[in-house]
Every structure is written in C-alpha cells, then in structure tokens.
Amino acid sequence: MRLADVKRPWRHPGRLSFVALAIGLGFIVWYFGWLSTEAQDLAYQIPGMLAPIAIVAGVVLYQPDNRRPWILLAVSQVLMVMGDWAWVILEHLGLELFPSIADALYLSGQALTAVAVIGLVRGRIPGGDRAGLIDALVVAVGAALLTWTFLIAPLVTDPSASMLDIGVALAYPALDVLLLGVLVRIMLAPGHQVPSLRFLLIALILMLAGDFPYAFMLLEDTYHTGDIIEITWLAASGFYAAAALHPSMREVARPTEASEGQLSPARLAMLAAASLMAPTVLVVQGVLGEAVDIPVIATGCVVLFLLVIARLGGLVKDLRATLQQRRSLEEELEHRALHDPLTGLPNRALFYERLEQALRHRSEQVAVLFLDLDDFKTVNDTFGHQVGDELLRLVGDSLRHTVRASDTVARLGGDEFAILVDRDASVAAATSLAGRVLTAVGAPKPIADRDLAVGTSIGISVGASGDTTAERLMREADVAMYVAKSHGKSGFSVFDARTHDGVVRTMGLQADLERGIREGQFELHYQPIISLESGEIAGIEALVRWRHPTRGLLLPGDFIHLAEMTGAIVPLDRWVIEEASRQSAAWGADGPTGNGRFLSVNLSPLALVHPGLVDLVASCLKRSGLAPRQLMLEITESAQPDPTAVAETIAALKVLGVRLAIDDFGTGFASISRLLDSPFDVIKIDEGLLQSMKTDARAGAIVSGVLDLGRRLGSTTIAEGVEDASQVTELRQLGCDYGQGFHFSAALTAEDLEAAVRVETAPAIWSRRSQRERISRFLG
Ligand code: C2E
Ligand code: MG
Ligand code: MG
C-alpha cells in the first residue's frame with residue numbers, strides 16, 4: 001500500500017474487501033457482546049447470507065474469466081446457510097437433530113466449497129506440481145490418522161450409533177481432511193499469492209479451525225449455541241466476501257512460474273510432523289491406556305511411507321533432470337564455442353585445433369585451403385544482410401557436400417572459409433579439390449526468388465608435421481589466396497615461397513592503409529603545369545603521398561592500386577579534394593592557385609561514382625574560393641566503372657562548371673571512342689607515349705594525331721612526363737597547350753610551391769637547371 005493510499009483508504013483498490021472485513025468484525029463484536037442465545041440463533045445466519053451476495057457482487061464487478069468456481073462458492077455458502085436455518089427450525093420444532101436434512105445441506109455445502117476452491121486455483125499449477133500434491137497428501141493422511149483415532153473411532157465403536165449416524169459423522173471429518181489437503185496444496189504451490197487468494201486461504205483455515213474442535217465438542221456433547229468457536233465460521237464468511245470483493249480475484253487462477261517443489265525448512269518440518277503422526281498416535285494411545293488401533297495405524301504408516309518414497313523418487317528425478325539439463329547446456333556451450341552459429345560449421349578455434357592435431361598425429365602431408373568469397377561485400381550492400389547470410393549458409397552447405405567426410409570445413413569469419421585435408425593430401429589432390437570447390441561454390445544459388453552466384457578465391461598450402469606449423473600453414477594459405485585474388489578472381493593458387501615476400505608486404509600495407517587515412521598520414525604534393533606558349537605556370541596537379549610510419553614516404557604507385565582494390569580509395573580521394581581546396585584557400589589570391597591558375601585533382605573512377613561526390617565538390621568549391629573552371633578533375637581513362645553511373649556524375653559535375661580531364665591518355669584501348677563519347681575538357685597525354693616518341697616514329701604520329709583531335713574537339717591538351725627541352729620544342733610545334741614534367745619541376749610540397757610561385761615572375765620557360773637553382777635558392 002502506498003502512502004497516498006493510507007491517507008485516502010477509500011481510494012485503495014482493495015477498499016471493498018476491507019469494508020467486508022470491517023463489517024464482519026463489527027458483527028462478531030455485536031454477536032458476542034450484545035445478543036441473547038435466541039437472538040444469536042437468528043443473527044448467526046446474517047454473515048452466511050451476506051457472503052454469497054458479496055461473492056456474486058464481486059463476480060459482477062470484476063468479471064473474472066472463469067466465473068463458475070465463484071458461483072459454486074456462493075452456492076456452497078447458500079447451502080450452508082440453508083443448513084443452519086434447517087437446524088434452527090428443527091431445533092424449535094423439537095425434532096431429531098442428528099442426522100437430519102441440515103447435515104445433508106452442510107455436507108453438500110462443504111463438498112461444494114472444496115470443489116469451488118479447487119476450481120479457482122486449478123489454473124495456478126499448469127504443469128502439475130507433483131511434489132506439492134504428494135506433500136498435501138502426506139499432511140492429509142497424517143490428519144486423517146489423527147481424525148480417525150480421536151474423532152471417528154470413538155463414534156464407530158459407540159454401540160448405540162446406527163449406520164446412518166456413523167456414516168454422517170464420518171463424512172464431516174472426511175470432508176475436513178479433504179479441505180485440509182486442498183489448503184496445503186494451494187499453500188505449497190509456488191508463485192505469488194494475490195490478496196484475494198490469501199483471503200480465501202484464511203477463510204479455509206478458519207473453517208477448519210472451527211470444524212475440528214467442533215467435531216470433538218459434538219463427541220463430548222459440550223457444544224452450545226453462542227460458543228466462542230463460532231467466531232471462526234462467522235469470520236470465514238467475512239473472508240470469503242473479502243476474497244470475492246478484492247480486484248485481484250481475477251488473478252487467483254493466474255498460472256505461476258513452475259518451480260520445483262523446493263524443500264524449505266518449514267515445509268520439511270511440516271512433512272516430518274505429518275509423517276510422524278502414526279508413531280505419535282501410537283504413543284498417545286499407549287500413554288492414555290487406550291486400545292491401539294493396529295490396522296489403521298499400520299495402514300497409515302504404510303501409506304505415509306509410500307508417499308515419502310514417491311516424494312524422494314520425485315526429488316531424485318528432478319535432480320537427474322537438472323543434471324541432464326546442465327550436461328546438455330555444457331555440451332551446447334561447448335558446441336557454440338567451437339562452431340559458427342550461422343552455418344553450423346566448425347569455427348576458427350576448432351579448425352586450428354584439428355589442424356594442430358593432424359600435424360601432431362599424422363606423418364603424411366596435410367593441406368589447407370583458404371577461401372575468400374569474391375565481392376561478397378557487394379552482395380551484402382546490394383541485397384541486404386539477410387540475403388548475404390543466406391548465401392553464406394548455402395556456400396557452407398555446398399562446401400560440406402564437396403569435401404570428404406574426413407575433411408574439415410570451417411567458417412573462419414565473414415566471408416572466409418577453410419578446408420583441412422588431413423588424409424592423402426598432396427598438392428595434386430588439393431588443387432583438384434580446389435577445382436571442385438570453385439564449381440560447387442560458383443553454382444548459382446536460389447535465394448529470395450533469384451539465383452545468386454558468387455565466386456571464390458582459394459589459397460592452398462601443403463605441409464607435413466616437422467616441416468611446418470598450423471600457424472605457418474594458415475598464413476601461407478592466406479598469402480596464396482591473396483595471390484589468387486590478384487590474378488583475377490574465382491581461381492586458386494598454391495603457396496610459393498618466392499612470391500611470399502612481396503605479397504606479405506602488400507597485405508601489411510592494406511591493413512595500414514585505412515589506419516593511415518584515419519590518422520592523417522597522407523599529404524599532398526603539387527606539380528606545376530606550364531603553359532608551353534608563355535612558359536608561365538598555368539595550373540598545378542595535386543599528387544598524394546603517404547608518410548608511412550615505418551616505410552617512409554610512399555608514392556601513389558605503391559598504394560593506389562591497393563586502395564582501389566579494397567575500396568579505401570573512396571575516403572582517400574575525398575580527403576585529397578578537401579585537403580587541396582583547404583590548401584588553395586590557405587594560399588590565398590597570391591598563391592599558386594591565384595591569377596586564374598587551375599588546381600587539378602586525380603579521382604579514381606570508383607570515387608567518381610560514389611554517391612555524395614558531386615555535393616563534396618560543390619562544397620569544396622565554395623570553401624576554396626576557386627571559380628568552378630579553376631578546378632580540374634583528372635580521371636584515368638583505363639578504369640571502367642558502370643558507364644551509366646559515370647555519365648550521371650559527369651553530367652552533374654558539368655552543371656557545376658568544373659573541368660574534367662582524361663588522364664594518361666594513350667595507355668588504354670578504347671581511347672579515341674571514349675574521347676568522342678564523353679565530354680572531357682582536357683586531354684592529358686600519357687608520359688609513356690611521350691617517352692616512346694624518342695625511339696618510335698609511330699608514337700610521334702599518334703601524339704600529333706591526338707593533339708589534332710583535341711584541337712578539333714575544342715579540348716585543352718597537356719603533355720605529361722616532359723623531361724627535356726627538345727620535347728618542349730617538339731610539343732610546342734605540334735600545338736600542345738601545356739606541359740608537365742621533371743623538366744619544369746617535380747611535385748613540390750605546398751610551402752616549396754608557394755615560394756617557387758613567388759620567385760617565378762619572369763616569363764621564361766623553366767629549364768631543369770634553372771629550376772634546380774631556383775629551388776635550391778628558396779630552400780636555403
Ligand atoms: P598522374 O595523374 O598521371 O600523375 C603524374 C605522375 O607522373 C606523377 O606520379 C608524377 O610525379 C609523375 N611525373 C611527373 N613528371 C614526370 C616526368 O617528367 N617523368 C616521369 N617519368 N614521371 C613524371 P605520382 O605522383 O607517382 O602519381 C602516380 C599516379 O598516381 C598519378 O598519375 C595518378 O594517376 C595517381 N594519383 C596520384 N595522386 C592521386 C590521388 O590523389 N588520387 C588518385 N585517385 N590517384 C592519384
Ligand atoms: Mg593525374
Ligand atoms: Mg597521368
């Protein structure tokens with residue numbers, strides 16, 4: 001009860017119950033304090049008549065799901081009251097009082113009470129609480145033994161009693177014992193007892209507390225109307241009413257969480273007392289010098305003994321079930337620790353264990369196949385994780401069906417699988433297995449109304465115990481897988497120590513790459529692009545460098561390809577555009593990007609089609625203060641992303657007004673047609689083509705043709721890799737607009753370039769020597 005409820009008891013949900021109990025208490029005080037015996041005879045009926053009305057009111061008020069038991073309870077109360085009325089009337093008429101119609105009404109009322117209560121609480125014990133049932137029986141049998149010995153036996157042995165007398169007299173205590181059993185049963189049932197149930201239990205206890213002494217008094221003929229014992233029955237009516245009037249009456253039958261019949265100390269004491277009833281009776285009869293009722297006591301003993309055995313059996317069974325449950329839980333946990341939940345395959349830990357075991361116990365060779373699905377990320381990104389998971393499951397299945405039963409297939413994590421062949425494992429056997437695996441995994445798999453096919457790259461390593469370790473075999477297979485991937489996907493490769501070093505280095509780089517982007521290890525250098533006509537700086541190209549913490553300064557050739565393979569190129573290129581714009585703004589109007597000079601940035605085709613690029617370029621334009629025409633995006637023409645996505649992005653970039661350059665022109669195949677298809681503003685002639693010009697006359701013809709084409713298309717042309725003055729002269733004659741190369745300047749840091757631009761005012765073409773002089777001058 002909350003404090004607020006104490007202050008306003010009329011607000012309390014159980015207020016009607018308390019009203020019923022208060023009325024009952026007031027009545028009892030009035031009954032015993034003020035009334036004469038005759039008045040008591042009549043007044044005694046009042047609570048019994050009010051109780052059924054209260055019960056029906058409760059049913060109407062709270063609408064419990066199961067009304068029948070409550071109605072039965074009301075009827076049982078009515079029957080008892082009718083019994084009382086019959087008694088009073090018979091007494092007044094001076095008629096035979098025992099046995100009479102009153103007893104019939106009483107007995108049926110009491111039986112109905114038991115039925116009603118059982119009906120009310122039956123739902124509480126859905127699983128059937130066997131332990132509780134047995135314990136209730138133990139108590140009931142113990143009570144029955146007592147009842148028989150001290151209440152029934154004296155009656156039965158009374159020679160004046162007729163069969164009917166005995167039968168009726170027997171029925172009362174028998175019903176009480178039944179009610180006692182029901183009471184104990186409910187009290188022992190696990191779970192929370194709502195107030196309504198508590199009231200019900202109190203009513204039952206009161207009834208029993210009255211009935212047993214009453215039976216004894218009848219026997220001794222000491223009972224009279226107005227006896228203090230009547231308190232119990234009068235109060236019981238109040239509690240029945242209170243039970244029905246409490247809102248929790250709807251929940252009396254609510255199932256409780258089934259817990260085993262635990263043996264609390266109190267419960268154990270009760271059981272011990274009940275099962276010791278037989279010897280107790282024996283002792284009491286011996287002390288009183290009464291005849292010992294051997295058959296009854298013996299029967300009671302046997303029944304109690306059997307019940308205790310049954311109870312023990314239940315406990316043992318519970319214990320065994322608990323142990324079994326624990327064992328299967330342990331097995332389950334162990335399985336989970338060693339298996340992948342998605343595919344059910346062994347996991348990395350178990351795979352290592354088996355591999356180590358194989359190396360320890362087998363003298364033959366052992367083969368490890370390391371599998372990595374090709375472009376699995378795309379499947380996840382395109383179709384969602386559910387489809388991805390399903391695909392992994394199906395791949396696991398096809399692997400399982402492809403290998404022999406003695407081989408181990410494991411999922412190492414993500415889209416990585418591994419196969420261990422620890423019998424007859426030769427390189428030939430392993431490669432033939434790899435071939436079968438490629439076919440099985442590559443077969444289209446029906447997932448969500450479509451057929452999905454996924455390729456896989458397999459690395460193979462073979463070794464024997466003594467020569468190698470599990471750790472080494474796994475690493476070698478991993479390296480071989482990487483080699484297989486780099487040879488084009490859906491293939492396999494056997495580990496070869498010679499390729500080992502290079503691959504391991506690259507793999508290390510891959511892990512470093514993402515961290516490098518996060519930790520700001522990249523920087524931009526800028527290479528001037530010179531107007532061949534005026535010799536002035538027309539623009540600059542930003543070129544990324546990686547200041548690797550252990551390997552020193554790395555050039556794009558060392559990592560751009562890797563970044564493109566892993567997708568890290570996208571964040572890298574975004575960073576490059578942002579950094580270049582920031583730098584341009586920092587230089588200001590007098591800097592390298594002042595005076596209308598352009599800033600050129602390289603973009604991988606992958607980054608080009610990445611969503612958000614156009615927005616990024618727009619915001620960078622704003623931040624850098626560059627006019628749109630001052631920003632140039634160089635796209636290598638050899639790479640081929642999805643053409644429609646490229647077309648859309650390029651169109652959007654055109655709207656922004658930035659310039660687009662086709663980079664390394666002359667290295668690909670479809671160069672000319674690409675040029676005609678796409679609206680590039682600038683053509684950058686590849687440095688390789690320029691080198692060839694020196695030795696190959698056809699290269700010269702091609703360069704001249706490209707420059708001619710550029711002019712016709714209205715494109716600006718830039719020659720890359722200009723290394724000497726003769727090239728400058730030749731390019732100028734051929735009509736090339738700009739030149740870029742070591743002859744003018746290598747890529748410089750932002751500060752060096754800024755200083756160089758300040759120095760450079762004279763319109764003389766930078767010679768390689770004069771450039772060196774200038775640079776050494778401002779470098780100090
Ligand atoms: P690129 O865009 O064609 O850049 C020109 C490359 O040629 C640069 O190499 C430059 O240092 C080099 N070079 C300049 N003058 C000469 C010369 O006279 N002779 C010779 N032989 N080479 C010269 P770098 O900086 O190593 O860049 C290589 C490539 O890496 C670039 O070729 C570009 O395709 C790519 N790259 C550079 N930075 C980025 C970037 O930020 N993002 C992306 N996606 N790619 C970049
Ligand atoms: Mg470039
Ligand atoms: Mg280039």
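Quantities reported herein were computed from a predicted structural model and do not represent experimental measurements. By convention here, the first residue in the shown sequence is residue 1. Just so you know, ligand 1 is whichever comes first in the structure, and atom 1 is the first atom listed for that ligand.
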Can you name the residues that form a ring-ring contact (aromatic ring centres under 6.0 Å, His included) with Y352, not counting sequence neighbours?
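Counting only residues at least two positions away or on another chain, Y352 forms no ring-ring contact (aromatic ring centres under 6.0 Å, His included).
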Whether the side chain of E754 engages the backbone of P592 through a donor-acceptor N/O pair (distance < 3.5 Å, no angle test) should be reported.
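No, because the side chain of E754 does not come within donor-acceptor range (under 3.5 Å) of the backbone of P592.
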Would you say N347's side chain and D340's backbone share a donor-acceptor pair under 3.5 angstrom?
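Checked: no pair found.
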Taking both backbone and side-chain atoms into account, decide whether S600 has an N/O/S atom under 2.8 Å from the Mg ion (ligand 2).
no
Decide, counting backbone as well as side-chain atoms, whether E541 has an N, O or S atom less than 2.8 Å from the Mg ion (ligand 2).
yes
Could you check whether the rings of W546 and F559 sit parallel, tilted or perpendicular, using 30° and 60° as the cut-offs?
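Aromatic pair W546/F559 classed perpendicular.
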Carefully, step by step, assess T593 and S584 under the rule side chain to side chain donor-acceptor pair (under 3.5 Å).
CA-CA 6 Å; T593 49; S584 169; 2.9 Å; yes
I'd like the atom name of the N/O/S atom in E634 lying closest to the Mg ion (ligand 2).
OE1
Nearest to the Mg ion (ligand 2), which N, O or S atom of D663 do we find?
OD2
Within the structure, does [X] bring an N/O atom to less than 3.5 angstrom of an N/O atom in ligand 1?
X    : value
E720 : yes
I569 : no
Q691 : no
G557 : no

For residues 695-723, pull every pair meeting ring pair (Phe, Tyr, Trp, His ring centres under 6.0 Å), keeping only residues two or more places apart or in separate chains.
none
Indicate, as side chain, backbone, both or neither, the part of [X] found under 4.0 angstrom from ligand 1 when only non-hydrogen atoms are considered.
X    : result
Q527 : side chain
D573 : side chain
R545 : side chain
L524 : neither
D686 : neither
L543 : both
V601 : neither

Taking only heavy atoms of [X], which atoms of ligand 1 are found under 4.0 Å from at least one of them?
X    : answer
E634 : 2 (O)
D664 : 3 (O)
V722 : 18 (O)

Would you check, one step at a time, whether the test side chain to side chain contact (heavy atoms under 4.5 Å, CB included) holds for F417 with T456?
CA-CA 10 Å; F417 294 84; T456 177; over 6 Å; no
At the 4.0 Å heavy-atom cut-off, does E723 count as touching ligand 1?
yes
Less than 4.0 Å is my threshold; does some heavy atom of H525 fall inside it relative to ligand 1?
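No; H525 lies far enough from ligand 1 that no heavy-atom distance drops under 4.0 Å.
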Salt bridge (Lys or Arg N to Asp or Glu O under 4.0 Å), paired with K485, selected from D415, D478, D374
D374
Run the salt-bridge test on [X] and [Y] with the 4.0 Å N-O cut-off and return the result as yes or no.
X    : Y    : value
R712 : D708 : yes
E578 : R574 : no
R597 : E536 : no
D681 : K654 : yes

Counting only heavy atoms from other residues, nucleotides and ligands, does the tally under 6.0 Å from CD of E523 exceed 12?
yes
Options N602, D724, L555, ranked by nearest heavy atom to atom 40 (C) of ligand 1, top entry
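Residue with the shortest heavy-atom distance to the ligand atom: N602.
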Best match, I560, L603, D663: closest heavy atom to atom 2 (O) of ligand 1:
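Comparing heavy atoms across I560, L603, D663, the nearest one to atom 2 (O) of ligand 1 lies in D663.
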